[in-house]
Amino acid sequence: MMEYTDKVMHEFQNPKNVGEIPDADGIGEVGSPACGDIMRMYLKISDDGIVEDAKFKTFGCGAAIATSSKATEMIKGRTVEEAAKLTNSEVVEELDGLPTEKIHCSVLAAQAIGAAIEDYHKRKGDHSKQQ
Amino acid sequence: MMEYTDKVMHEFQNPKNVGEIPDADGIGEVGSPACGDIMRMYLKISDDGIVEDAKFKTFGCGAAIATSSKATEMIKGRTVEEAAKLTNSEVVEELDGLPTEKIHCSVLAAQAIGAAIEDYHKRKGDHSKQQ
Amino acid sequence: MKRIYLDNAATTPVDERVLKEMLPYFCEKFGNPSAVYTEAHEAKFAIEAARLQVAKAINADPKDVYFTSGGSESDNWALKGVAFKNRAKGNHIITTAIEHHAILHTCEFLEKEGFDITYLPVDDQGLISLDDLKAAIRDDTILVSVMFANNEIGTIEPIEAIANVVKEKGIIFHSDAVQALGNIPIDVKKLNVDMMSFSSHKIYGPKGVGALYIRKGVPIEPLIHGGAQERRRRASTENVAGIVGFGKAAEIASEELEDNMAHLKALRDALIKGVLGKIPQVRLNGHPVKRLPGNANFCFDYIEGESILLSLDLIGVAGSSGSACTSGSLDPSHVLLAIGLPAGVAHGSLRLTIGRHTTMDEIHYVVDNLVEIIERLRKMSPIDAQSPIDDAVYHH
Amino acid sequence: MKRIYLDNAATTPVDERVLKEMLPYFCEKFGNPSAVYTEAHEAKFAIEAARLQVAKAINADPKDVYFTSGGSESDNWALKGVAFKNRAKGNHIITTAIEHHAILHTCEFLEKEGFDITYLPVDDQGLISLDDLKAAIRDDTILVSVMFANNEIGTIEPIEAIANVVKEKGIIFHSDAVQALGNIPIDVKKLNVDMMSFSSHKIYGPKGVGALYIRKGVPIEPLIHGGAQERRRRASTENVAGIVGFGKAAEIASEELEDNMAHLKALRDALIKGVLGKIPQVRLNGHPVKRLPGNANFCFDYIEGESILLSLDLIGVAGSSGSACTSGSLDPSHVLLAIGLPAGVAHGSLRLTIGRHTTMDEIHYVVDNLVEIIERLRKMSPIDAQSPIDDAVYHH
Ligand SMILES: Cc1ncc(COP(=O)(O)O)c(C=O)c1O
Ligand SMILES: Cc1ncc(COP(=O)(O)O)c(C=O)c1O
């Protein structure tokens with residue numbers, strides 16, 4: 001089943017941005033251990049709304065870890081608005097694809113980023129951006 | 001299915017007593033083409049009741065032909081009474097056995113001899129011996 | 001004594017090219033295709049490559065090819081799978097009187113389970129009639145199964161025409177193509193079938209592997225429930241080496257199909273001409289033209305089939321017969337009875353099926369020797385043209 | 001990198017001695033075992049010799065051994081065959097919550113067909129209770145099926161005691177012994193079972209072949225209807241090479257059973273000791289003593305199984321997991337849930353199964369590397385002893 005691409009395996013073996021950001025501006029968490037996947041996403045966002053840093057912690061399969069890593073890479077330097085638009089298919093594409101059964105694991109990364117951004121808006125009191 | 005013994009194959013290849021006896025003292029026939037086996041048995045019986053000659057014609061499988069041949073060999077020189085007692089298991093034994101599915105073919109030889117002896121008694125008017 | 005093998009409809013030797021492909025999958029590339037690790041991938045890729053090979057040979061979408069343990073399993077699966085899954089829609093199934101036992105005995109089982117089966121008759125050459133089929137179709141008919149080519153008499157049914165009749169009524173159509181694969185062209189899309197059964201060992205592949213083509217969307221219950229293999233439709237750790245062998249065999253069969261057909265036909269026609277020309281009181285069973293290129297099936301009056309086979313075996317020739325004595329049952333071939341032969345005649349049948357390796361010299365040898373064998377056995381027989389015996393049952 | 005294969009419960013490589021026996025049956029001795037001619041006899045003899053080898057390995061009468069296409073088919077056949085044949089007597093079947101999917105999904109199918117199934121629970125070590133069994137038996141119970149040894153956690157059920165309870169009530173008893181064969185002694189007579197399933201590829205034989213032991217007199221319907229093979233109980237041209245391979249594998253397995261068990265146990269115990277001793281927050285699943293000699297199954301808290309497997313694969317080690325992500329389903333192993341593990345923990349399971357070819361060096365290599373892998377993955381995990389997360393479902 002696990003016919004991962006070389007890029008997925010590389011990302012799994014060398015994940016970027018693992019860890020926590022102690023003074024994060026937004027933290028998002030999705031999934032549950034019962035489902036076999038949890039992702040916690042930490043974002044550091046500059047005053048002008050740029051994602052300066054992103055870190056993750058993931059409990060999950062190879063696809064979950066690889067997409068967490070890749071997604072954090074992809075949003076760094078983006079504006080919050082652009083980061084919020086990241087879709088799982090963009091992440092999957094960057095990884096040269098995922099086995100069909102694994103697509104559902106890849107949606108978590110984008111969801112976790114969305115949740116972290118939501119948290120960021122909430123903290124800022126920016127209610128208009130809350131979903 | 002046809003794991004015949006060497007003796008059966010030898011008998012099938014070199015059947016003894018094939019043919020007819022034009023002035024036979026008794027003729028017996030059993031089986032039917034629908035069942036895949038017919039045996040016709042001809043007996044020549046001396047005045048003192050000894051089987052002097054036996055010949056057969058058989059429509060049937062290897063086991064039918066081999067048992068016809070062997071059975072005619074076995075009764076030659078026997079008294080009619082002894083010949084009538086020939087059982088199919090004796091014939092099968094002489095052939096070193098038959099596959100289980102083929103045992104039913106071997107009963108025909110003894111039956112055909114029985115029918116020929118019955119015919120002999122009938123012709124002699126010896127009704128006490130009729131079955 | 002070099003043996004002459006003329007029972008290619010029963011089974012064929014594995015082609016050396018096929019065995020070569022299989023060998024690495026026993027001791028080295030033995031991984032479980034469903035697993036995560038490296039060993040698993042090579043096994044999985046090998047299976048998918050084989051699926052593609054089989055799919056190409058029958059012009060199917062590879063996703064519609066499911067591997068099984070052989071033709072019998074494919075037949076059982078097609079019938080029981082559709083029957084159990086579609087019971088709510090109806091319980092009537094139509095098939096023919098000349099199907100392989102894998103179909104007929106499955107139907108008998110389904111009868112016990114409450115299904116109603118119609119067995120279409122065939123004419124004296126083994127063909128079903130489209131009118132009979134149309135007349136048999138009912139509102140509660142859920143499945144029609146008609147074989148592509150008959151294994152005994154070689155008759156080829158008009159599958160495309162049959163499929164069109166069946167599909168027009170929205171009924172699922174299955175065809176047992178075990179004898180057709182590798183011997184006549186197969187295009188599942190053109191033929192318009194929903195399901196088709198295949199077996200590897202009939203086309204110089206290994207025994208114990210086969211396939212069922214299931215067109216996407218056909219509602220079917222698994223026959224072997226369990227693990228998630230074969231897209232969750234056929235459980236069990238895949239027979240990787242066997243599947244690889246079947247794939248290669250299918251590839252060769254379709255690449256060499258035309259040459260093979262020409263070769264088989266030339267030899268078959270020589271065999272039929274020789275036997276009909278040199279031996280009296282013999283008939284050819286099956287259709288004269290619409291027949292498998294490698295199939296010849298004769299009835300020799302007044303003698304029994306097994307004794308012909310044994311005599312042939314003694315001179316190095318392997319053939320088969322519809323005689324009861326070779327079928328493990330007391331009745332002669334249901335196919336020969338279905339084309340109207342009396343039981344007594346059916347017992348005297350001989351099937352010789354030509355294969356890729358058969359030569360014209362072998363055919364000549366067989367014809368010449370058959371003349372003597374038939375003569376010798378007829379001399380032993382109590383029946384002949386002068387004193388025929390009808391089908392009455394005598395003392396036993 | 002030399003690979004280290006620790007998934008022997010999933011499948012095993014074919015033993016070289018086994019392949020050697022099989023080879024002549026592909027291209028040369030390819031005859032159809034049911035035919036009349038010489039080629040057929042060698043095939044038939046080979047099958048009967050293999051039947052004897054399998055029978056000897058389990059102390060059965062050879063006539064009671066029926067060859068199938070694998071463990072799944074054997075399981076399907078045992079359950080459906082008895083269910084359909086004995087419906088008039090009753091429609092209740094008892095099995096356990098930890099059976100292989102070949103049993104459980106067959107039961108689900110039978111439920112749709114109107115049968116009533118009781119799934120016995122197991123304790124936290126995977127054992128069923130005889131009292132539960134006794135309480136579950138009803139007047140309309142026609143079949144009980146309890147596996148001999150579990151494929152995931154390795155727990156060995158008390159089959160003889162179970163059989164005695166079941167047989168006393170005159171009920172048919174089946175046991176899936178796919179994992180037991182070659183790993184623990186099997187004596188079908190002493191165990192008093194009516195039916196038992198086996199699979200060749202678990203004992204260094206080829207894939208795609210197995211057997212069902214059916215004690216004489218057990219009323220059972222075929223699963224694959226058709227030709228007269230296997231004493232009319234399992235149709236299809238026999239997989240001769242596969243059967244020959246299975247026979248040889250069974251012979252070797254029973255001849256080398258004691259040595260093999262000692263070897264497996266020594267390595268397994270070293271593995272378990274190493275893992276439990278060097279890695280914190282880990283548990284051993286299954287029974288500490290009543291377990292297969294080659295089976296080790298762990299749960300590592302806070303991490304997921306597939307990521308462990310991938311990490312192991314990258315250092316050359318093949319293992320398996322009950323994680324949903326490796327099972328093709330969304331739920332983690334039903335066996336781990338049945339022994340009471342929360343789903344979150346069950347996702348973090350790792351099964352390492354030792355085989356004939358495993359060495360102590362390999363075990364040490366695995367233990368040492370596993371320490372690092374687990375540490376690394378835990379560092380990535382959002383959960384730990386300080387901030388555990390319970391099984392609530394979050395945003396998705
Ligand atoms: C306990 C058990 N039963 C049945 C099976 C199915 O065997 P197979 O894959 O040969 O069909 C397996 C292995 O997959 C098993 O471990
Ligand atoms: C027409 C037909 N269907 C089904 C089968 C069964 O195939 P297998 O022996 O592979 O199960 C055969 C051959 O035996 C056949 O000729």
Side-chain angles (χ1 to χ4, degrees), chain C residues 3 5 7 10-14 16 19 26-28 30-32 34-39 69-73 75-76 84 100-102 105-106 108-109 113 199 201 206-209 221 223-228 235-242 306 309-310 313 318-320 326-329, chain D residues 3 5 7 10-14 16 19 26-28 30-32 34-39 69-73 75-76 84 100-102 105-106 108-109 113 199 201 206-209 221 223-228 235-242 306 309-310 313 318-320 326-329:
Chain C
R3 305 269 315 165
Y5 184 71
D7 201 15
T11 195
T12 53
V14 173
E16 300 279 358
L19 180 60
F26 290 109
C27 306
E28 302 135 49
F30 67 91
N32 170 20
S34 308
V36 168
Y37 39 78
T38 307
E39 286 82 349
S69 70
S72 300
E73 185 190 325
D75 284 345
N76 273 258
F84 284 122
H100 190 268
H101 281 138
H105 290 162
T106 297
E108 285 165 27
F109 165 73
E113 287 298 312
S199 182
H201 70 94
K207 293 175 174 57
V209 55
E221 181 76 30
L223 178 71
I224 299 184
H225 292 89
S236 196
T237 306
E238 297 89 337
N239 176 0
V240 184
E306 194 218 63
L309 291 186
L310 285 178
D313 188 44
S320 89
T326 65
S327 71
S329 93
Chain D
R3 306 268 314 165
Y5 184 72
D7 200 15
T11 195
T12 53
V14 173
E16 300 279 357
L19 180 60
F26 291 108
C27 305
E28 302 135 50
F30 67 91
N32 170 19
S34 308
V36 168
Y37 39 78
T38 307
E39 286 83 350
S69 70
S72 300
E73 184 190 325
D75 284 346
N76 274 259
F84 284 121
H100 190 268
H101 281 138
H105 290 163
T106 297
E108 284 166 25
F109 165 74
E113 287 298 312
S199 182
H201 70 95
K207 293 176 175 54
V209 55
E221 180 76 30
L223 179 71
I224 299 185
H225 292 88
S236 196
T237 305
E238 297 89 337
N239 176 0
V240 184
E306 195 219 63
L309 291 187
L310 285 178
D313 187 45
S320 89
T326 65
S327 72
S329 94

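A, B, ... follow the sequence lines: proteins, then strands. Residue 1 opens every chain. All figures in this text were calculated on a predicted structure; none of them were measured in a lab.
For Ala241(D), no part sits under 4.5 Å from any heavy atom of chain C, backbone or side chain. Using a 4.5 Å cut-off between heavy atoms, Glu108(D) does not touch chain C at all. Residue Asn76(D) touches chain C through its side chain alone, counting heavy-atom pairs closer than 4.5 Å. Contacts between Glu28(C) and chain D at a heavy-atom distance below 4.5 Å are absent for every atom of the residue. Residue Ser199(D): no heavy atom, backbone or side chain, is found under 4.5 Å from chain C. Interface remark: Leu19(D) contributes side-chain atoms only to the contact with chain C (heavy atom separation under 4.5 Å).
Rounding to the nearest 0.5 Å places OG1 of Thr106(D) at 11.0 Å from NE2 of His101(D).
The most heavy-atom pairs under 4.5 Å with chain D, out of Ser72(C), Gly208(C), Gly227(C), come from Ser72(C). Listed options Asp313(C), Val209(C), Val240(C) were ranked by heavy-atom pairs under 4.5 angstrom with chain D; first place goes to Asp313(C). Counting heavy-atom pairs closer than 4.5 Å to chain D, the top-ranked of the candidates Glu73(C), Arg3(C), His100(C) is Arg3(C).
The two residues Ser236(D) and Ser69(C) make their nearest non-hydrogen contact at OG-O, 4.3 Å. Listed here is the closest heavy atom pair of Pro206(C) and Gly242(C): CG-O, 3.6 Å. The minimum heavy-atom distance between Asp7(D) and Ser320(D), with the atom names listed, is OD1-CB, 3.5 Å.
With sequence neighbours excluded, the residues forming a side chain to side chain contact (heavy atoms under 4.5 Å, CB included) with Thr11(C) are Tyr5(C), His201(C), Lys207(C), Phe30(D), Asn32(D), listed by chain and number. Residues forming a ring-ring contact (aromatic ring centres under 6.0 Å, His included) with His225(C) (at least two apart in sequence, or on another chain): Phe109(D).
His105(D) places a side-chain N or O within donor-acceptor distance of the main-chain N or O of Gly226(C), the cut-off being under 3.5 Å.
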